[in-house]
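Naming: A, B, ... by sequence-line order, numbering from 1 per chain.
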Amino acid sequence: MVDILEGLNPAQREAVEAIEGPLLILAGPGSGKTRVIAHRVAYLIKVWGVRPRQIMAVTFTNKAAREMKERLYGLLGSSVEELTVGTFHAICARILRRDGKHIGIDSNFVIYDDDDQMSLVKRVLQELDIDPKRSPPRVFLSTISASKSQMTAPKDYVKSNYFEEVAGRVYQRYQELLAESKALDFDDLLMKVVELFQRQPDVLEKYQKRYHYVLVDEFQDTNIVQYILAKQLAGKHQNICVVGDPDQSIYSWRSADLRNILSFEKDYPDAKVVYLEQNYRSTKVILEVAHSVISVNRKRKEKGLWTENEEGLPIVVVESYNEQEEAQFVVSEVDKLVGKGKYKAGDIAVMYRTNAQSRAVEEAFIRYGMSYKLVGGTRFYERREVKDIIAYLRLIHNPYDSVSLSRVINIPPRGIGSKTTDQLDQMARERSIPVYTVLQTVSDDKSEQSLNSRTARALTVFLELLNELMKASQEMNTVDLFDLIINRTGYKDYLYENPDGEDRWENILELRTVADDYRELPPKEGLPAFLENIALVTDTDSYNEKVNAVTMITLHAAKGLEFSVVFILGLEEGLLPHRKSLDDPDQMEEERRLCYVGITRAKQRVYLVRAFRRSSMGATSVNLPSRFLMDIPPHLRTTPRGAADKLNPSAKPSTQQAKVEKPPLSAGEQVVHAKFGEGIVVSCVPSGNDQEVTIAFKGDTGLKRLLLSLAPLEKVT
DNA sequence: CGCAAGTACCTTTTT
DNA sequence: GGTACTTGCG
């Protein structure tokens, strides 16, 4: 029993032991927060005999949830299965599948992501005859999302100016179409659960009785709806424990509200507050640098973060000419650090403000033949071909899903063009019925004269295909259904009509391996489980720490991680802080926190790099050094001597290269591909646990990027 | 209706 | 430097 508390410092111990009533844990970076949460859960179960199913732990990402479970597995064994661990969104989705019917939500609802939402808004704009050029769909979406994050329904939406009047109508219609599609967006998942609990006290009571202990991590990044939700769930037992750090609040753009954590004590007057201030992660210098940056913020509570760790090296501030040179510096410095045997590539991370910045660094890594892990970026699930197949799967699961329907109704082309789909949309609107129902009437009722016979036939063929697939889904496992979709639609041939068909087809195969995880489930469970996973699990979640390669990641996504060495790129006015934040003091404070989060990820070394000029979106601009650099006292920083040498683009990738896993193919080798014929290897770089080979083929085929494990390749000797 | 070529706009960050 | 949307032709 005592062993659970062993090795914890007094504050951590206090946080673990305070099990009754509301508890606020203010945890600085590297203060062992995750450890405290895990031990607290273990303590509840092992010492107080709380049943695992009575505990809910809410995390910020699915990955954090998985790690929490893994950690607890080590402490508790298999009983972790009974715990409820997940993001607010995942937990809410589960609640709504189960009990959403009480407020009219079909248990087969689909979850609309950003892309789907955008399609829907565009359709609304078209219907309402609003010019998408004058009023960008994105603006409506963020207005809608902001409203939902405050629990404002369309009818309550305040319209005090012209824009709001229009936005109100868009919101109204958007919501109607969602309902018609039996779809919920991310915000709905949260909002509808709150609504469910408000309207059905007995349902709320069921959950309140079940969850004796509610724990919310990253509380500084929760929004009002999430706050209400947590309050509702803990309403009976009042055992709510929230953990966070206001200095690491970086999601206000997603309606995260810092007031949640700042006013927790007001809402729960008898709340106990524990400060975790000892840092176990970083050197003294790194903590001081971080502090010098964050302490400029005015809207913050000072806390006394300290460490017993060694002093450490000054942080390195580097100026480069442009982003190529910046990348060059990073790569050769990584090469040196790893070459000296001081660090493994996996101990190192490169961080940046915007995803677009990753390109130059990636190119440099590829040139050096060094492997890297890219977190985020162009996301797998956002690829066109992947979305197409997912749309088919969603449609089979829920044919009322209008976004998926309009996506695939003519993919591959089957003679149903925009004129026809416009007509279908219009008929749906006039009769206030879903498009799927219109489709059924058109196909049943031969007297439907509004369409000519050729299009009517095309629609019937499509509907029959859909019906066939839906029928098949009742008795097939997920992979067989997947294959059936591909075969019956001729999707592979469709892809191969384009020169990039092979690449795209490989993505389909990768999606298929995900579907394969659901092969064993009965038909009726497999598909929904697969779709839920796709909707809620992002690529960031699947990031694998075990692979020994440098991590490339945005500052946002880096929250919660730690690395021995951290490079932060683009410390320039307009980039970090981002130009969209320059004229808003609150947003500027958030940029500062973002920088703080980045610095505090580091255990031993920090490099802050900037470029004198940088090209983005075609044009190049000259940028001033970030104001954050000015806030770092000179005695804590250094600039590498002979920086110019390191920045020499012709500098060779030193000895280190031998240490990089030897690629199975190297540049210049001749190969034969089953389809493309003869070619010469241009490069071969690791990509995930595979190798990506770039090959120049003879003839018209030209350059191709292929995955080694999949491509039918042979070496010519 | 399908497809090719041209254009505007984009990029802050993600469940 | 890319893509999603528009335009114009067959």
Side-chain angles (χ1 to χ4, degrees), chain A residues 58-65 86-93 111-115 117-119 122 126 132-133 136-138 141-142 145 148-149 184-190 218 221-223 225-226 249-256 323 351-360 363 375-379 381-384 410-422 452 454-455 458 494 497-498 532 534-541 553-559 570 574-582 584 587 590-591 593-595 597-598 614-620:
Chain A
V58 185
T59 59
F60 188 69
T61 63
N62 294 291
K63 176 169 166 272
T87 62
F88 270 114
H89 293 88
I91 290 171
C92 286
I111 300 167
Y112 274 3
D113 67 15
D114 211 49
D115 228 43
Q117 294 183 52
M118 191 65 92
S119 311
K122 282 178 187 160
Q126 205 182 355
K133 288 220 178 77
R138 198 167 277 100
L141 262 189
S142 45
S145 176
K148 289 185 177 183
S149 300
L184 300 178
D185 64 21
F186 281 124
D187 297 310
D188 281 341
L189 291 174
L190 310 172
E218 305 287 8
D221 287 321
T222 52
N223 64 28
V225 181
Q226 292 167 328
S249 163
I250 52 177
Y251 283 91
S252 72
W253 50 274
R254 220 171 73 187
S255 301
E323 72 266 27
M351 302 180 185
Y352 34 80
R353 177 68 234 265
T354 66
N355 279 308
Q357 286 171 258
S358 68
R359 181 173 299 127
E363 283 168 2
V375 182
T378 325
R379 292 173 174 72
Y381 289 113
E382 282 170 17
R383 288 167 192 276
R384 194 167 60 226
N410 200 33
I411 299 281
R414 47 173 75 89
I416 306 172
S418 59
K419 212 171 147 209
T420 310
T421 50
D422 282 354
N452 71 45
R454 196 164 56 137
T455 44
Y494 163 69
E497 280 167 23
N498 288 304
E532 188 102 334
I534 286 169
L536 295 173
V537 175
T538 59
D539 298 336
T540 317
D541 296 323
I553 192 166
T554 62
L555 288 162
H556 279 91
K559 191 179 67 163
L575 195 56
L576 182 63
H578 196 273
R579 59 178 52 76
K580 303 229 166 174
S581 314
L582 293 180
D584 179 337
Q587 285 197 56
E590 183 147 317
E591 295 292 308
R593 292 194 291 268
L594 201 49
C595 188
V597 166
R614 177 182 300 275
S615 50
S616 58
M617 296 188 283
T620 97

Exercise. For Thr554(A) and dT14(B), is the shortest distance between a side-chain N/O and OP1 or OP2 below 4.0 Å?
Worked result: yes
For this session: Using atom types as modelled and distance alone, determine if a side-chain donor or acceptor of Gln357(A) lies under 3.5 Å from a backbone N or O of Thr354(A).
Result: yes
Problem set entry | dT13(B) pyrimidine/purine six-ring stacking with Trp253(A), under 5.5 Å and 30° | yes
Seminar exercise, completed: note: Met351(A), atom CE; dT13(B), atom P; distance rounded to Å ~ 16 Å
Exercise. Does Ser145(A) reach the main-chain N or O of Leu141(A) with its side chain, forming a donor-acceptor pair under 3.5 Å?
Worked result: no
Exercise. If only atom types and distance count, is the side chain of Ser119(A) paired as donor or acceptor with the main-chain N or O of Asp115(A) below 3.5 Å?
Worked result: yes
Problem set entry | Donor-acceptor under 3.5 Å (Asp422(A) side chain, Lys419(A) main chain) | no
For this session: Classify the ring geometry between Phe186(A) and His89(A) as parallel (under 30°), tilted (30 to 60°) or perpendicular (over 60°).
Result: perpendicular
For this session: Determine which bases of DNA chain C form Watson-Crick or G-U wobble pairs with both distances under 3.5 Å, and write the result as a 5' to 3' dot-bracket string with | for other-strand partners.
Result: .|||||||||
For this session: Answer with base, sugar-phosphate or nothing: what part of the nucleic acid does Phe88(A) contact at a heavy-atom distance below 4.0 Å?
Result: nothing
Exercise. Can you check the Leu536(A) CG to dT14(B) P distance for me, whole Å?
Worked result: 17 Å
For this session: Indicate yes or no for a side-chain donor-acceptor contact from Glu590(A) to the backbone of Ser252(A) under 3.5 Å, with no hydrogens or angles considered.
Result: yes
So which protein N/O to nucleotides 2-5 of chain C N/O distances come out below 3.5 Å?
unit_1, atom_1, unit_2, atom_2, d
dC5(C), OP1, Lys122(A), NZ, 2.4

For this session: Establish, with yes or no, whether the OP1 or OP2 oxygen of dT15(B) is under 4.0 angstrom from a side-chain nitrogen or oxygen of Asn223(A).
Result: no
Problem set entry | Distance between C1' atoms of dT11(B) and dT6(C) (Å, rounded) | 22 Å
Enumerate all atom pairs, one protein N or O and one N or O from nucleotides 1-3 of chain B, separated by less than 3.5 Å.
unit_1, atom_1, unit_2, atom_2, d
dC1(B), OP1, Gly417(A), N, 3.2
dC1(B), OP1, Thr420(A), OG1, 2.5
dC1(B), OP2, Lys419(A), N, 3.4
dG2(B), OP1, Gly415(A), N, 3.1
dG2(B), OP2, Asn410(A), ND2, 3.2

Problem set entry | Leu189(A): which of Ile91(A), Leu536(A), Val225(A) passes side-chain contact (heavy atoms from CB on, under 4.5 Å) | Leu536(A)
Problem set entry | Upstream residue (5' side of DNA chain B) when Phe186(A) and Arg138(A) are each assigned their closest nucleotide | Arg138(A)
For this session: Starting from P on dT11(B), measure out to CG on Leu575(A) and report it in whole angstrom.
Result: 15 Å
For this session: Compare all side-chain heavy atoms of Cys595(A) with those of Leu555(A) and state whether any distance is below 4.5 angstrom.
Result: no
Exercise. Counting only side-chain N and O atoms of Asn62(A), is one of them less than 4.0 Å from OP1 or OP2 of dT15(B)?
Worked result: no
For this session: Would you mind reporting whether Tyr112(A) and Asp188(A) have side-chain heavy atoms less than 4.5 Å apart?
Result: no
For this session: Please report, rounded to the nearest Å, how far the C1' atom of dT14(B) is from the CG atom of Asp114(A).
Result: 8 Å
Problem set entry | Selected nucleotide, minimal atom distance to His89(A) side chain, candidates dT15(B), dT11(B), dT13(B) | dT15(B)
